[in-house]
Amino acid sequence: MMRLLKKLLTISIIGGIIFVGIGDRFLPKPLSAYSRDTRNALNAKLLGLMPQQKKVDRLKERVKDHSDPGRIYDRGMEKMEKGNTNQ
């Protein structure tokens with residue numbers, strides 16, 4: 001029983017990888033579109049998990065600020081001065 005379950009699980013995983021990876025090249029029309037759409041959706045999800053460059057830059061800037069307390073004060077003063085000139 002366990003051997004059968006293990007074989008079915010292995011075949012299902014391999015079939016899923018083939019379907020997503022290259023299914024749009026050899027499957028008939030409706031299935032090839034599903035394969036392509038599934039792959040694109042998975043790519044979008046995986047790319048969404050990666051940190052965006054803007055967030056990484058902001059985090060690096062915060063680390064720099066915390067390593068130099070005077071810099072926090074300077075940036076605060078710059079923000080106040082900009083706020084006063086806009087009025």
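- For Arg39, the salt bridge (charged side-chain N to carboxylate O under 4.0 Å, His left out) criterion is met by Asp24, not counting sequence neighbours.
- The side-chain contact (heavy atoms from CB on, under 4.5 Å) check on Leu42 picks up Val20, Thr38, with sequence neighbours excluded.
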- [ ] Test Arg36 against Asn40 for side chain to side chain contact (heavy atoms under 4.5 Å, CB included), laying out the working first.
- [x] CA-CA 6 Å; Arg36 184 187 61 244; Asn40 290 340; 3.8 Å; yes
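- Rounding to the nearest 0.5 Å gives a distance of 7.5 Å between CZ of Phe26 and OG of Ser35.
- Connectivity analysis of hydrophobic side chains (ILVMFWY, heavy atoms under 4.5 Å, direct or indirect) links Leu5 to Met2.
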Throw together a table of side-chain donor-acceptor distances under 3.5 angstrom for residues 8-18, partners on residues two or more places apart or in other chains.
| unit_1 | atom_1 | unit_2 | atom_2 | d |
| --- | --- | --- | --- | --- |
| Thr10 | OG1 | Lys6 | O | 2.8 |
| Ser12 | OG | Leu8 | O | 2.8 |

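- At a threshold of 4.5 Å between non-hydrogen side-chain atoms, the residues Leu27 and Phe19 count as touching.
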